[in-house]
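Written below as structure tokens is the structure these notes are about.
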Amino acid sequence: MYTYTPSYMSIVINLQKSTIDSLQALFGQSFSEKDFQVNQTKPEFEGDYTVVMFSLVKTLKLSPEVIGTQLGDHLVKNFPQYFSDYNIIKGFLNLSVADNYWLQLLQDNYQDICFGKYPLNNKRVMVEYSSPNTNKPLHLGHLRNNFLGWSVAEILKANGNTVLKSCIVNDRGIHICKSMIAWQLFGNGATPQSTHSKGDHFVGEYYVKFNDEYKRQVKDLVENGMTEKDAEKEAPIMKATQQMLQDWEAAKPEVIDLWKMMNSWVYAGFDVTYHNIGSDFDRMYYESNTYLLGKGIVQKGLDKNVFFTKPDGSVWIDLTGDGLDEKLVLRKDGTSVYITQDIGLADQKYEEDKIDESIYVIGDEQNYHMKVLQLICKKLEVPYANDIHHLSYGMVELPTGKMKSREGTVVDADDIVAEMETVAKNKTEELGKVKDFNEDELLALYHNIGLGALKFFLLRVDPKKKMIFNPEESIDFHGFTAPFIQYNYARINSLLKKNGEINSNLKMAEFLPLERSLVVLLEQYQQIIGQAAEELNPSVIAIYIYTVAKTYSSFFAEHSVSNAESEEKKQLRLQISSLTSIVIKSGMQLLGITVPERM
RNA sequence: GGUCCGGUAGCUCAGUUGGAUAGAGCAUCAGCCUUCUAAGCUGAGGGUCAUUGGUUCGAAUCCAAUCCGGAUCACCA
């Protein structure tokens, strides 16, 4: 889906190309990079990268050893700038990359803060994420969405795309009216100001109150002999809510005023949260503006016979041929439904912003909906039909099951961020390394560490998998976590500060195993950025950056930089350290995580 | 019932365009701070890759069947 011009040619690609050339020269047959596999060499064997021979055996009708020997020989002889040595074990051709190659890579890049990133292309991509409802505050599930959306946007930018972040606010509908009704019934004119509460939490409380009252009324009715189904329809509070929705659609001034007032409270609360977690948007869409969109497109679709009308006047699309069902796109009264709005909004985005790709960060419970949207667009033959991608992510669940706002069993976004900051504060004070920091510096540090730990926790796992969060166990600060990575960055930073200017002109090119492992890893950063974009998967970055930090941590414990065996060694290690710090900072930034200079 | 997703160490997860002895973190145990930040390092134990069968030089990875868990199939959004 995304193809890029790299800023430097990666060693794996060089290996593939030179292998293809060599095979051609040796055996007179042409291969492509898909005909053989290139792996990183396992640590227990000599070498950096490995070509697997088995797939070539059939076509060449030679034993793996024979092919390996000839190929290895040819590669080392003809591409000495890349390969210095080889060995063959079973069907595996292990190649050692020339020390000078690594040295040159280091010298060219050790101060390049753009290392690994791709040059600008002409693609415009929109990432839609967050998409909150205005009847309740954000919870942990929203945070996963926000962090994913932000990170994917950053990853796409690093791949050279121009990215627009957008947000569709779900600001109308029955759920909003529930909070409104409850406030009328139980609020006694209270406001966030009068109760000293955050606007989104304030409104969310009334959403919970609605459901408590609703349950009570249903129970009463059932006790008086009504069936549960009828009771759910007949409960006075539900009837009042439905009336309010109709009044809203009829634009009754007092309902609209109430709606505007309560939404403004929620937005004030959201602003605080978004600012705190570092989310922002280039385009805001409000469902109260877009819910009528798409009707014109449906009309065009009717003309093209993509849609059909049922006797009652409702409009449908038949997707049974694609393994799905019939799907309604316009109600019999002519009003649009969810999918109709999305068709309309997709069109609006395309027209207004001339975007080439559109990414929707939406939970996997909407896989079916997004599939329908993509299918409808294809059948309508709109130009952007193949450029709609769903970044589907799994729910964040508690050990007790799903989080439910209605029942108040949610991990609140503001609460969890504050809690993480407190843990960061306690831990920092315990260690006592930054006693000279002033109050602002301390707050910034707690924020970076606490929020970083949370972001990393949510981003390090494959988005499409659901995850379980146990509020009883606090999120770890050790091991595969952001604080560990941040800590390594801070160590490198202080080391580099102590040692001053780095000599860029090195002749020595001998690497100890850990030094070599680091350079090999760092060289892969560019390819990792590409892979993360292709898969729309920030966990690729998280895992990679952790591996870099972990390897550096071993290196740091094993080898002294300041007191290296020789001046040349010292300079080499400083270059490695410098590039490591650049990659850590850059990679963490792709995850939306700030690295502190000290901690 | 149809469709889709998942099941890997006690726990949380990597690894699936088929490759060498399946990897991390947490937790447990044993070592390591007079030397660049111990939020660290080194090591140990811990596995029927849900089950069964198949494909082949080779399967956690591909195919089939089965079991378990989840999502979805609204004139809600």
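Residue numbering restarts at 1 for every chain, and letters A, B, ... go by the order of the sequence lines.
Judged by centroid separation below 5.5 Å and plane tilt below 30°, A:Phe45 stacks onto the base of B:rA20. In this structure, A:Tyr487 does not pack face-to-face on the six-membered ring of B:rG40, missing the 5.5 Å centre cutoff or the 30° plane limit.
Considering only side-chain atoms of A:Lys498, the nucleotide from B:rA39, B:rG19, B:rU37 that sits closest is B:rU37. Nearest to the side chain of A:Val461, among B:rC75, B:rA20, B:rC13, sits B:rC13. Considering only side-chain atoms of A:His478, the nucleotide from B:rG40, B:rA77, B:rA38 that sits closest is B:rG40. Taking every side-chain heavy atom of A:Arg460 into account, B:rU12 is the closest of B:rG19, B:rU12, B:rC75. Picking from B:rA38, B:rC5, B:rC36 the nucleotide with the shortest atom distance to the side chain of A:Arg491 gives B:rA38. Proximity note for A:Val561 (side chain, C-beta onward) versus B:rC36, B:rA39, B:rC75: the nearest is B:rC36. Listed candidates were B:rG69, B:rC36, B:rA77. Nearest to the side chain of A:Lys466 is B:rG69. Picking from B:rC75, B:rU37, B:rU3 the nucleotide with the shortest atom distance to the side chain of A:Val337 gives B:rC75. Set against B:rG6, B:rC75, B:rA20, the side chain of A:Lys465 has B:rG6 as its closest nucleotide.
The P atoms of B:rC4 and B:rA22 are separated by 33 Å, rounded to the nearest whole Å. B:rU17 sits 15 Å from B:rA59 when the C1' atoms are compared, rounded to a whole Å. One C1' atom belongs to B:rC13, the other to B:rU52, and the distance between them is 27 Å to the nearest Å. Look at the C1' atom in both B:rU8 and B:rG69: the space between them is 16 Å, to the nearest Å. The separation of B:rU12 from B:rU42, taken at their P atoms, amounts to 26 Å, rounded to a whole angstrom. Rounded to the nearest Å, the gap between the C1' atom of B:rA44 and that of B:rA9 is 15 Å. As rounded to the nearest Å, B:rA38 and B:rC33 have P atoms that lie 12 Å from one another. If you take atom P in B:rG40 and the same atom in B:rG58, they sit 44 Å apart, rounded to whole Å.
In this structure, a donor-acceptor pair under 3.5 Å is present between the side chains of A:Glu597 and A:Asn493. With no hydrogens or angles considered, no side-chain donor-acceptor pair links A:Tyr129 and A:Asn146 at under 3.5 Å. A donor atom on one side chain and an acceptor atom on the other are found under 3.5 Å apart for A:Ser562 and A:Asn499. At a cut-off of 3.5 Å, with distance as the only test, a side-chain donor of A:Asn367 or A:Ser392 sits close to an acceptor on the other residue. Side-chain atoms of A:Thr134 and A:Asn263 form a donor-acceptor pair, as typed in the model, at a separation below 3.5 Å. Side-chain atoms of A:Gln531 and A:Glu535 include a donor-acceptor pair closer than 3.5 Å. Under the 3.5 Å distance criterion, with hydrogens and angles disregarded, no donor-acceptor pair is assigned to the side chains of A:Thr50 and A:Asn39. The closest side-chain donor-acceptor pair between A:Gln243 and A:Asp247 falls under 3.5 angstrom.
Along RNA chain B, the nucleotide nearest to A:Glu558 and the one nearest to A:Leu328 differ in position, and the one closer to the 5' end is contacted by A:Glu558. If you find the closest nucleotide of RNA chain B to A:Leu445 and to A:Ser562, the one lying nearer the 5' end belongs to A:Ser562.
Contact annotation for A:Leu330: no contact, since no heavy-atom pair falls under 4.0 Å across all strands. Nucleic acid contact for A:Asn94: base, since at least one base atom lies under 4.0 Å from a heavy atom of the residue. A:Asn367 comes within 4.0 angstrom of no nucleic acid atom, judged by non-hydrogen atoms across all strands. Heavy atoms of A:Glu397 sit nowhere under 4.0 angstrom from any nucleic acid atom.
As a whole-Å value, the separation of A:Tyr338 OH from B:rA77 C1' is 6 Å. Rounded to a whole Å, the NZ atom of A:Lys332 is 16 Å from the P atom of B:rA74. Per the geometry, CE belonging to A:Met395 stands 9 Å off P belonging to B:rU72, to the nearest Å. One can place NZ of A:Lys42 at 10 Å from C1' of B:rG15, the figure rounded to the nearest angstrom. Between the P atom of B:rC36 and the CD1 atom of A:Ile492 lies a distance of 16 Å, rounded to the nearest Å. For the pair A:Asp322 CG and B:rC73 P, the interatomic distance rounds to 18 Å; values are reported in whole Å. As a whole-Å value, the separation of A:Asp325 CG from B:rG1 P is 17 Å. The interatomic distance linking A:Lys464 (NZ) with B:rC13 (P) rounds to 14 Å, in whole Å.
In this model, the phosphate group of B:rU37 is approached by a side-chain N or O of A:Ser494 to a distance below 4.0 Å at OP1 or OP2. One finds a side-chain N or O of A:Arg331 lying less than 4.0 angstrom from the OP1 or OP2 phosphate oxygen of B:rC76. The side chain of A:His175 places no N or O atom within less than 4.0 Å of a non-bridging phosphate oxygen (OP1 or OP2) of B:rC76.
Ionic pairing of A:Glu429 and A:Lys425 is present here: one or more N-O contacts between side-chain nitrogen and carboxylate oxygen are shorter than 4.0 angstrom.
A donor and an acceptor atom never sit less than 3.5 Å apart when one is taken from the side chain of A:Thr481 and the other from the base of B:rA39. Contact annotation: side chain of A:Asp462 to base of B:rC13, donor-acceptor pair absent below 3.5 Å.
A glycosidic torsion no more than 90° from 0 defines the syn conformation, and B:rC33 adopts it.
Stem regions annotated for RNA chain B: B:1-7 with B:67-73, B:10-13 with B:23-26, B:28-32 with B:40-44, B:50-54 with B:62-66, counting only runs of 3 or more consecutive pairs of Watson-Crick or G-U type with both contacts under 3.5 Å.
Below 30°, between 30° and 60°, or above 60°: for A:Tyr552 and A:Phe556 the angle between ring planes is between 30° and 60°, a tilted geometry. Aromatic ring orientation, A:His369 versus A:Tyr338: parallel (interplanar angle below 30°, classes split at 30° and 60°). Between A:Tyr544 and A:Tyr525, the ring planes lie parallel to each other; the angle is under 30°, not in the 30° to 60° tilted range.
Applying the salt bridge (Lys or Arg N to Asp or Glu O under 4.0 Å) criterion to A:Glu365, with sequence neighbours excluded, gives A:Lys402.
For the contact set between residues 539-556 of chain A and RNA chain B, defined by any heavy atom under 4.0 Å, the members are A:Ile543, A:Tyr546, A:Lys550, A:Ser553, A:Ser554, A:Phe556.
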